[in-house]
Amino acid sequence: MQFTNEFIGSRLIETITSGLYDGNLNCLREYIQNAIDSNAENISIYFENGGNDLIIKDDGDGMDREDLKNALRIGVSNKSVDNVGWRGIGIWSGVSASKSIAIITKKRNDNKLWIEINNEKLRSESRSNKPVLSILSSSTSDIEDQPLGKNESYENDHYTMIRLESILPPQRNIFNEKKIIKFLSRVVPAPFNENRFSFAKEINDWLNKYKISNIKTNITFQDEKIYRPPFESDIFLKDIIKKEFKVKEELVAVGWALSNMENKALQEPNRGIYFKKKGFTLGDDENLVRNQYTGTYHPWQYGEIHIISPELIETAARNSLEYNNQTVGPFLEEISEFVRLLEQQNHYKSNKNPLNQIVRSQKYVDSGDIKLAKKQLTKAKSQLEAKRGFPTDSSFKEMKATIDKESERNRKTVEDLNARISQPNQDLLKKKKDELDSIINGLPTDVKNSIKRASSKGRMHPEMSVTDSIVDILKRKTGLQINEVRDLSKEAYGWSSVNPSNKDPLIIFDKRTDKHSRNRNLRLGVMIYAIHDILVNSYKHEKGAEALGWFEDVNEEEKYEILAEMYGAIGLIYRLIEKSEKYKP
Amino acid sequence: MNILLVEPDYYSKFPPLGLMKLASFHRSRGNNIKFVRGIDNDLNFHPDKILITSLFTYAWAPVHKAIEFYHNRFPDSNVEVGGIYASIMPDRIRSTYPYAGVHIGLYDLAEYYMPAYDILLNVKKWENWDASIIFSSRGCIRKCPFCVVPKLEGMIRPCITDIQNYVYPGHKRIIFWDNNFFASPNWKKVLQDLNDLGIKVDFNQGLDARLIDDEKARMLADLKIPMLRMAYDYVGDKNSIMDSVELLSDYGVRRRNIFIYTLYNFYDSVNRLYNDTPEIFLMKIRTILQLGCVAYPMRFEPNSSLKKNQFISPNWTKEQLEMIADARRVIGFGGAFPPYEGLVKKINNSMGFHDAFGLRPLKESAVITHS
């Protein structure tokens, strides 16, 4: 059958440009691919005019008139599958993001060329039913020669500059600095930052063995070099799992993974296992391994799986692999198996390294909660001693040694903590406890009762436990409601100018006399006020808790000491109120 | 290529829109640009091309100074002068500076670029500029004899319709420079877009009162327009002015926020139809103040005058013109006559021009001398 122009509808353009790339930064990847394929050593991406224009400039071979025409072909590409991009839609990928795309390019010994794609026109006409060819022709400019300046060289200059001009307002929150940096570091073939990631050399050496990761291109965004994650080293166990993936004895991919030191998921961007092909990540920010091939994997690892086999082909949108040959299925099975092993390793590790229990018991030991500490330590011990399977796969061999070594260290910590608990400084604590008990015993019955009432933990929380007795006696003695008492004492001591919620100091020492002398009178008032506020809690319990926040941080012995003093003071206040007589002028 | 963009050091309330568009145009061709205002002695940039803009004809001197300076500084670079003065008096530039090219009128290729507002950051005078300037149309349907627009831009034609694409990131207001906004067929879409954007708007060149109808007034009233500008040029526009003010007021526009440019000192030697006199001027001011709006006197300046305030219409005297200048300074506010009670009373009760704009001689002690 003979096809003509009319057989291809304008919607095709929309499908290619929007369907594939709408609303994301994928076009950046396309342009970077093109740059890398043209042998660029440096690619700089930057905003111009306050974020209005985004420029991708490379020092690659550049294009002559014929190359540029070819680059604008749709779905036709001269590139071989060996190149990164080869589907031939690259240049059009920015259509949905901006008002126009300008391309300026120059080859050695050739003219500087310019062409512009009018995206507005392309978009509006792609919704019409005009023939594709006429839409494309009317929304692109002619290729123009551009004059060279005095500092430009006809012989030597070579580059390509893609300008996404006037990023559309709805796209501006996608094309923002933070998101672009995140996207680039995740997706493009950037090197590791060796200053921040100490495993870089070992991984690079290993990948180089398979001729992968030969990243020579220097990619910058807003003059900052782009690196790929991870950006930390200390969070990982000091061993790298290295794995070859084979299908029918043939090597199809090479992977590596690092494991979290702690027993929990890693944080972005240092987590996930990513498929890479020619340095580019498949699926972009998406963690394909987690999202598509296993449902259960817990991201305790960071890793990469570099695809070597030309049989494994990514889909055009690069979010999956094409199921079009015999290699893909077995490969993905390999991946699932690998992930299963990682999970097994995680289980083993969390058992052999009961870090949570150790951290908790450490905290309890420090704060003197011996009972709770013991409980955690027993748990930790039983985990350390339990029997657990570990992947038998050879690539996990060294990791087992690393985990066992860690485990040994943890076992020692557990032993140390156990030893600390049985130390005789318990005597001192007991003495302090007895002192507190005797102070409480000596308190007026009402106060004692109110402490008892506030549950077994009551005496450790003065702000909860003694409120009622003070309130009761104030009410009884004065025959007033508690807010009336508050208002009266407020007036007597001038608390109105000591608002607990403002930033003024609670206690003011003021040497000035006359005009400001009333501040001096506040000194006693504010002290009573402070106690009143903490204990009687007219400003609600939260305020009391806040005022006593520091109390939580002191150690156990000191706590008992302070409580004894506090309860002493409370007893005194109670007695003062109890013994007071009605004022007779 | 390196392109140097020069804004001569004349007085201006607005940054050079044309140069900003040219900056974007040249960047789009992969060229480097550098923007300077006035004479820059420490310029670290070797241009292939120097583009100098110009403004009113009477502000020619700084333009000439810039041409000379940059030509001497970079004798092997091309100099091209554009802008209003260059478009009106190209030969004056050509004959003085044979080496300089002159660009007349608009540079169509650059029209649709987002102006490069970022270049303003390098110039002290403009570093805090926060408004996007937009022409939603060019040209005008009218051919007023006192106006240069028909000569420079010709008939009306819409240009930018998708306003939101021309609001620079971070800008809080839009200034329209349309010569006659409502004469453009796209006015409705633009007003709807402005409403959606919810941004402050200034139709800086004034709206044509003769075109304001019920729908337009309603749509205008919905926008954030701190100052709505119109012009009262012809005596015969009185009814249009009054009707549009009433309409706008009905829809909730504060009369105090309506600002009416009032032409005076115009003399049309060709058809002698529109020539104003001091008494006509008084009548116009009186009408505006009675409406409760602000009158802003605009002294006519011939399109090609080389010195400001030299032209005196045969219907006016130098003294009368000075009276207005003094009155604007003394009893006006910011050069305008707002509808202040005292001012309205004075103008309303006046017997004639002299009575209305004449000022009492200042007492000796009250004279403030400016050094």
Side-chain angles (χ1 to χ4, degrees), chain A residues 46-58 62 97-106 111-121 123-124 141-153 157-173 175-177, chain B residues 1-4 20-35 44-50 74-78 109-122 127 129-130 132 134 159-171 174 193 196-199:
Chain A
Y46 53 94
F47 279 126
E48 227 169 43
N49 202 7
N52 194 60
D53 308 328
L54 183 68
I55 290 99
I56 301 106
K57 190 177 177 185
D58 70 68
S98 61
K99 245 182 74 198
S100 58
I101 302 172
I103 301 150
I104 301 110
T105 185
K106 191 189 168 311
N111 286 345
K112 175 180 171 186
L113 302 173
W114 171 90
I115 190 167
E116 188 180 65
I117 303 170
N118 185 338
N119 302 337
E120 294 273 86
K121 198 160 189 179
R123 270 192 299 271
S124 67
S141 73
D142 290 333
I143 297 176
E144 278 178 19
D145 289 326
Q146 294 292 315
L148 293 180
K150 287 185 278 267
N151 53 2
E152 290 172 283
S153 152
D157 282 358
H158 55 98
Y159 51 82
T160 299
M161 183 193 232
I162 308 279
R163 301 178 53 91
L164 301 180
E165 292 178 345
S166 288
I167 302 287
L168 299 175
Q171 297 276 339
R172 279 184 196 154
N173 64 346
F175 283 76
N176 75 24
E177 282 197 26
Chain B
M1 273 219 297
N2 287 345
I3 316 275
L4 181 68
M20 287 191 278
K21 286 186 182 174
L22 282 173
S24 289
F25 169 80
H26 279 292
R27 279 174 172 170
S28 185
R29 264 74 182 158
N31 295 327
N32 300 317
I33 61 108
K34 170 92 191 162
F35 170 61
N44 184 20
F45 185 81
H46 198 95
D48 295 294
K49 232 183 195 182
I50 302 165
F74 307 109
D76 56 345
S77 307
N78 291 328
L109 286 174
E111 183 70 22
Y112 290 93
Y113 283 92
M114 167 72 98
Y117 291 97
D118 66 325
I119 65 174
L120 300 180
L121 293 171
N122 299 329
E127 62 185 2
W129 183 258
D130 65 347
S132 293
I134 297 176
C159 27
I160 289 166
T161 49
D162 292 322
I163 300 303
Q164 63 281 359
N165 291 347
Y166 289 86
V167 182
Y168 190 68
H171 276 181
I174 301 181
D193 287 353
D196 293 344
L197 283 172
I199 196 169

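Naming: A, B, ... by sequence-line order, numbering from 1 per chain.
In terms of heavy atoms, P47(B) sits closest to K150(A) at O-NZ, 3.3 Å. Of all non-hydrogen atoms in N49(A) and P115(B), the two that sit nearest each other are ND2-O, 2.9 Å.
Here CD1 of I33(B) is found 8.0 Å from CD of E48(A). Values are rounded to the nearest 0.5 Å. For the atom pair CG (N32(B)) and CD (E152(A)), the distance works out to 7.5 Å, reported to the nearest 0.5 Å. In this structure, OG in S28(B) is found 5.0 Å from CD in E116(A), a value given to the nearest 0.5 Å. Separation of atoms CG (D53(A)) and OH (Y113(B)) is listed at 9.5 Å; rounding is to 0.5 Å.
Taking the ring pair (Phe, Tyr, Trp, His ring centres under 6.0 Å) definition, one finds that Y112(B) meets it with nothing, sequence neighbours left out. Partners of Y168(B) according to the ring pair (Phe, Tyr, Trp, His ring centres under 6.0 Å) rule, which considers only residues two or more places apart in sequence or in another chain, are Y117(B), H171(B).
Of the possible donor and acceptor atoms, none in the side chain of R27(B) sits under 3.5 Å from a partner among the backbone N and O of R163(A). Checking side-chain atoms of D118(B) against main-chain N and O of G50(A) turns up no donor-acceptor pair under 3.5 Å. Of the possible donor and acceptor atoms, none in the side chain of N165(B) sits under 3.5 Å from a partner among the backbone N and O of P169(A).
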**OP:** Would you sort out whether S166(A) and Y166(B) count as a side chain to side chain contact (heavy atoms under 4.5 Å, CB included), showing the intermediate values?
**Re:** CA-CA 8 Å; S166(A) 288; Y166(B) 289 86; 5.9 Å; no
Original post:
N151(A) and H46(B): side chain to side chain contact (heavy atoms under 4.5 Å, CB included), yes or no, with the steps?
Top reply: CA-CA 9 Å; N151(A) 53 2; H46(B) 198 95; over 6 Å; no
Original post:
Are K112(A) and N31(B) close enough, and set up right, to give a side chain to side chain contact (heavy atoms under 4.5 Å, CB included), and what steps lead you there?
Top reply: CA-CA 11 Å; K112(A) 175 180 171 186; N31(B) 295 327; 3.2 Å; yes
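Between chain B and the options Q146(A), K57(A), E144(A), heavy-atom pairs under 4.5 Å are most frequent for Q146(A).
Heavy atoms of N2(B) lying under 4.5 Å from chain A belong exclusively to its side chain.
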